Protein chains: 2
Amino acid sequence: MINSAASLTTTKIKILQRSSSPAWIEQAIANLDTILLDHSHCERKAAGVAINLMFRYPAHQKLVRQLTAIAQEELEHFEQVNQWLEKRGIPLAPLNSPPYFSKLKSQIRHAEPDRLVDSLLISAIIEARSHERLGLIGEHCPDPELAKFYRGLMASEARHYGIYWVLAEQYSDRANVESRLAELGEYESSILENLYHEPRVHS
Amino acid sequence: MINSAASLTTTKIKILQRSSSPAWIEQAIANLDTILLDHSHCERKAAGVAINLMFRYPAHQKLVRQLTAIAQEELEHFEQVNQWLEKRGIPLAPLNSPPYFSKLKSQIRHAEPDRLVDSLLISAIIEARSHERLGLIGEHCPDPELAKFYRGLMASEARHYGIYWVLAEQYSDRANVESRLAELGEYESSILENLYHEPRVHS
């Protein structure tokens, strides 16, 4: 039994309103193979999200430059996670998504620049939550090599959420970004209050 | 005046039914800045196509592995082309696509595995045409540094079309792939018979 996920991570969480529950880490560690497979899908999706944003805003120089670097890194991680799947004999297979992503996406406002700002902030929040959760796996994973791999990913996830956050400030003023981030962050934590019945990185 | 594009490239063209017309290379060299901008969009699109295929076939191990590598390389090229844009003071801006891509896409059959085979073969053909045309730019570009950059890209484009072609053979037999490739290749050459009025890599 794990008492408190909050005490398990030393990262100062700025974007996340509430830490992951002990129930999530227990579910994750008990289903590591599924989490690894889901993690692979998450990395591919993260690359897809970055590229889609570049498609939508092809003339936003800074956004394009920074999201290119993020997409490259997500693809690198995707490859690394897939090597882990191979090593553990887990075949690539489709997995249904938890409601987390579609619920977050439903919060994106339609008019510009709100749409862009919300898209960036939601990516920032997803990266921040991934950072927290991959860190928890890195702490609790019984396979020391895999644990090390997870801890190694944390720096990139932290960098990514920083990049998305700072980019959002390019398209709105800081006060607006902060209040919107608080709103979206509150919503994100509320989604995770009820643990999804299938083990996922974002269950 | 350039007499024959066919004589301009030493590459043995296996996928392309007909070489690019001299009119295309003249149009391209006369509008290098637009071609560079369009080329940037092409690299981003190519990364997007590879990632979309991985989304559609997440359990096709070999496809996923190879398209991850292609997507990574396309993003690298995207970054490099964008550095050229910056160097030449060309701002990132949207550009409408020539009809080439939507026409090719219209040829994709709906039932599986035809859909996958056609998608792979069309990507192979696009890469082969890019290989030919970037090679022509590499030969005729008046800026020797930029010409060198274009010649440097050719090896990857050739590798990419080979990978797409060989992948198609995983999902159909060789004879089917060859006859379909000949059909699609014929169609592709026919699209390019009338030069599109705006300068594009695939005009």
Side-chain angles (χ1 to χ4, degrees), chain A residues 33-34 36-97 101 112 116 167 170 200, chain B residues 33-34 36-97 101 112 116 167 170 200:
Chain A
D33 284 1
T34 308
L36 257 170
L37 181 56
D38 184 50
H39 181 194
S40 158
H41 290 298
C42 285
E43 296 289 357
R44 195 198 55 225
K45 278 182 216 164
V49 164
I51 289 180
N52 283 341
L53 279 171
M54 293 195 263
F55 265 83
R56 213 193 299 150
Y57 306 99
H60 288 40
Q61 205 100 12
K62 198 175 169 189
L63 177 147
V64 166
R65 191 179 313 125
Q66 300 199 325
L67 296 195
T68 304
I70 288 187
Q72 282 173 317
E73 230 169 48
E74 309 285 16
L75 286 173
E76 243 172 67
H77 297 167
F78 178 58
E79 214 177 8
Q80 290 166 357
V81 179
N82 290 348
Q83 280 165 12
W84 271 102
L85 291 178
E86 219 174 305
K87 211 166 162 177
R88 293 170 75 106
I90 309 163
L92 277 181
L95 264 191
N96 58 339
S97 275
F101 300 101
E112 293 292 3
L116 172 54
L167 270 177
Q170 295 265 309
R200 296 289 184 268
Chain B
D33 284 1
T34 308
L36 259 171
L37 180 57
D38 184 50
H39 180 194
S40 157
H41 291 298
C42 285
E43 296 288 358
R44 194 198 55 223
K45 278 182 217 164
V49 164
I51 289 180
N52 283 341
L53 278 171
M54 292 195 264
F55 266 81
R56 215 194 298 150
Y57 306 100
H60 287 39
Q61 205 102 10
K62 198 176 168 189
L63 177 146
V64 166
R65 192 180 310 126
Q66 299 199 327
L67 296 195
T68 304
I70 288 188
Q72 281 173 317
E73 229 170 48
E74 309 286 14
L75 286 173
E76 242 171 68
H77 297 168
F78 177 58
E79 213 177 8
Q80 289 166 358
V81 179
N82 290 346
Q83 279 164 12
W84 272 102
L85 291 177
E86 217 174 307
K87 211 167 161 177
R88 292 171 74 106
I90 308 164
L92 277 181
L95 263 188
N96 58 336
S97 274
F101 300 101
E112 293 293 3
L116 172 53
L167 270 177
Q170 295 266 310
R200 297 288 185 270

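Remember, it's a predicted structure, so these values are computed and weren't measured experimentally.
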**Study point:** Atom of A:F55, atom of B:K45 and distance for their closest heavy-atom approach
**Key:**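 Here A:F55 and B:K45 meet closest at CZ-CA, 3.5 Å.
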
Item checked: Minimum heavy-atom distance between B:A59 and A:A93, given as atom pair plus value ->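 What the structure gives for the nearest pair is CB-CA, 3.9 Å.
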
Looking only at A:H60, A:R44, A:Q61, most heavy-atom pairs under 4.5 Å shared with chain B are made by A:R44

Assert top hit (heavy-atom pairs under 4.5 Å, partner chain B, pool A:I51, A:V64, A:L75) equals A:L75

Applying a strict 4.5 Å limit to non-hydrogen atoms, the region of B:E76 in contact with chain A is both

Applying a strict 4.5 Å limit to non-hydrogen atoms, the region of B:Y57 in contact with chain A is neither

Residue pair A:E73 / B:Q72, side-chain heavy-atom distance below 4.5 Å
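No - every pair of side-chain heavy atoms lies 4.5 Å or more apart.
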
Heavy-atom distance under 4.5 Å between the side chains of A:R65 and B:E86, does that happen here? yes

When rounded to the nearest 0.5 Å, the distance separating NZ of A:K62 from CG of B:L92 is 14.5 Å

